[in-house]
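Whatever order the structure lists ligands and atoms in, that order sets their numbers, starting from 1. All values below come from the heavy atoms of this structure, side chains included, with hydrogens, waters and symmetry mates left out. Here, residue 1 is the first one in the sequence, and each next residue gets the next number.
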Amino acid sequence: MRDVRVRFAPSPTGALHIGGVRTALYNYLLARQNNGTMILRIEDTDQGRFVPGAEEYILNSLAWVGIKIDEGVSVGGPHAPYRQSERKALYKQYAQKLIDDGNAYYAFDTEAELDAMRDKLKAAGNDNQQYGMHSRMQMKNSLTLSADETKKLIESGAYVIRLKVPAGEQIQVNDLIRGLVTVDSSQIDDKVLMKSDGMPTYHLANVVDDYLMNISHVIRGEEWLPSAPLHVLLYRFLGWEKNMPQFAHLPLLLKPDGNGKLSKRAADQMGFPIFPLTWKDPATGEVAKGFKESGYLPEALINFLAFLGWNPGTEQEIFSLNELINAFSIERINKAGAKFDIQKAQWFNQQYIKATPNDVLASQLLKESGQSVSMETALKIVSIMKERATFPQDIWEQGAFLFSAPQVFDDSVVSKKWNDEAVKVITAYKNALSGVTTIDATSAKSLLESAAASVNIGVGKIMQALRVAVTGNGSGPDLMITMEILGKDEVIRRLDYAVNTLKVKA
Ligand code: GLU
């Protein structure tokens, strides 16, 4: 079998969309599974769409999720440079070969002339308004102009080079996910291969580089499927058919409800991130919060993304990156679009938080929460809050009562549960607590039981009132452990405050 060499080939036109991370991931999984090579190529031939900072952002995003590049812009390699703008000189000879063999031609039409052509075809009731086999002979190009005119226009420099798509052919693309895709050549337009600024377009640069870099598999988003027949033609015309990579076009990512493509706008509206890391648009200054900054763990995000369009065919859902590498196969990728179920992403995050060692979360709490507690207390807080946390910050946001006394109390609990009996037990409990030097969860419980017994009231009846007095909330983690963490003096202070402030309903 051919050595597996795959590439992730983003264009630095802005932040990397989460779908791009999935594309990179699938490439990476195939590479690692086959002891292959993962290449990062930056496709920056469209100078008009270049966004400063985008390339660095892409590198940082891949590094954050743990996708390692073997060859590419960041690390170099035998096919350097890996940035297409730096390979500009290289593409010309291939365009020239296409022209010499009659498979491409020079075109000189202005924007206005192109518009006029489209209007004319439309007016004539022609559905196909492309620059191609139906229209090329009415246009200004080296097929219609004399050799002299052509030469003059080429010398003036304002030309593009277009592919001459052959008429009457069925072009076949063998896609590893979709099977054989056949396209009638009349559907393909004479795509521009070289622009007037001397830069190749995506199509030419992409095919030339995939060939020169000896790419074995092209794994990319479904939006590139319509370009694939054109690429197949280029491989043929350049005499590279034997080295053509295998194609796999990944299913679209859909909105959570399956209605339409997942866009940044849709994600914004639904309140979830669409970029791996926070991105500040250099043109507008607009800031979009990333998955990282929202509290997603990279391992959880990767696990979630792997399942968007692929499944292992078993019940297992939690996969480390290494397990994904072993389990992955292109054959198990679906054709149908994958719903971006953000709740599932949160579920994965929860599972990974549960599996994170307490001391890791505690160190994070000490660093990020802005609270000053000891490591010992941080560990206790983590141990009671982590079961409920979707994101690490939930531990300190939902556990705020562990750091400061409640100022507001849940009204619905107070109005239902704060009554004379509760005040009686809580007052007795306060006294009992004053008589001991320290408490832990066990002694807090037995002291409570005896305090309740001393006033002949069942503990069950006042538990919620006690909880609201200590935490402000009607529900939460184990109350006895909560009191152990707060310590006796703080519990007494809170009970005092509650007894003095909360009104017993008449
Ligand atoms: N530069 C293209 C992009 O930005 C790459 C498409 C491909 O992988 O061929 O998505």
Side-chain angles (χ1 to χ4, degrees), residues 4-31 36-51 53-59 61-62 67 69 71-73 79 81-88 91 173-178 181 191-193 195 199-235 240 243-253 261-264 274-276 279 305 309 330 333:
V4 170
R5 290 179 54 83
V6 291
R7 84 307 192 267
F8 180 51
S11 298
T13 53
L16 180 61
H17 186 283
I18 199 67
V21 182
R22 184 197 57 173
T23 300
L25 174 65
Y26 285 12
N27 275 287
Y28 183 67
L29 295 178
L30 189 77
T37 306
M38 172 78 180
I39 295 157
L40 177 66
R41 185 172 73 221
I42 295 292
E43 301 206 324
D44 58 348
T45 56
D46 193 346
Q47 303 278 287
R49 296 185 60 213
F50 178 82
V51 172
E55 180 183 311
E56 193 189 355
Y57 179 91
I58 292 165
L59 289 171
S61 299
L62 296 179
I67 294 177
I69 303 303
E71 269 181 54
V73 284
H79 302 282
Y82 290 91
R83 211 174 273 117
Q84 287 183 327
S85 59
E86 292 167 17
R87 301 167 65 80
K88 184 174 168 186
Y91 304 109
V173 180
N174 198 357
D175 187 276
L176 293 172
I177 299 168
R178 277 145 230 279
V181 178
K191 280 268 177 333
V192 172
L193 302 176
K195 291 176 283 187
M199 270 286 191
T201 57
Y202 156 72
H203 301 289
L204 181 66
N206 185 271
V207 166
V208 166
D209 283 347
D210 282 349
Y211 169 75
L212 294 177
M213 296 180 183
N214 199 9
I215 298 300
S216 63
H217 297 76
V218 165
I219 304 174
R220 61 186 170 192
E222 185 181 302
E223 64 274 25
W224 299 104
L225 185 60
S227 300
L230 189 93
H231 296 178
V232 167
L233 273 180
L234 282 171
Y235 278 99
W240 299 337
N243 298 67
M244 191 162 74
Q246 293 194 273
F247 292 100
H249 289 91
L250 304 177
L252 280 181
L253 294 189
K261 235 169 80 174
L262 176 70
S263 59
K264 173 163 187 310
I274 192 84
F275 301 142
W279 167 253
L305 290 178
I330 293 184
I333 299 176

Engineer: Below 4.0 angstrom from a heavy atom of W224, which ligand 1 atoms are there? Numbered from 1 as shown, please.
Structural biologist: 2 (C), 3 (C), 6 (C), 10 (O)

Engineer: Of the protein's non-hydrogen atoms, which lies at the shortest distance from atom 8 (O) of ligand 1, and what is that distance?
Structural biologist: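 Going by distance alone, atom 8 (O) of ligand 1 is nearest to R7 NH1, 2.7 Å.
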
Engineer: Distance under 4.0 Å to a non-hydrogen atom of Y202: what atoms of ligand 1 satisfy this?
Structural biologist: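 The list of qualifying atoms is 2 (C), 5 (C), 6 (C), 7 (C), 9 (O).
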
Engineer: Write out the residue and atom name of the closest protein heavy atom to atom 1 (N) of ligand 1, then the distance separating them to 0.1 Å.
Structural biologist: E43 OE1, 2.6 Å

Engineer: Answer yes or no: does atom CD of E56 have more than 12 heavy-atom neighbours from other residues, nucleotides or ligands under 6.0 Å?
Structural biologist: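 No.
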
Engineer: Please confirm whether the backbone N or O of F8 pairs with a side-chain atom of N27, one donor and one acceptor, at under 3.5 Å?
Structural biologist: no

Engineer: Return the minimal non-hydrogen interatomic distance between T23 and R220, and the atom names on each side.
Structural biologist: CG2-CA, 3.9 Å

Engineer: Show the atoms of ligand 1 that are less than 4.0 angstrom away from any heavy atom in N206.
Structural biologist: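 Selected atoms, number and element: 7 (C), 9 (O).
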
Engineer: Side chains of Y82 and D209: do they bring a donor and an acceptor to under 3.5 Å?
Structural biologist: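 Y82 vs D209: no donor-acceptor pair found between side chains.
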
Engineer: State whether the shortest distance between N or O atoms of A9 and N or O atoms of ligand 1 falls below 3.5 angstrom.
Structural biologist: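 N/O-N/O distance under 3.5 Å: yes.
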
Engineer: Using the ring-ring contact (aromatic ring centres under 6.0 Å, His included) definition, which of the options F247, Y211, W240, Y202 pairs with H231?
Structural biologist: Y202

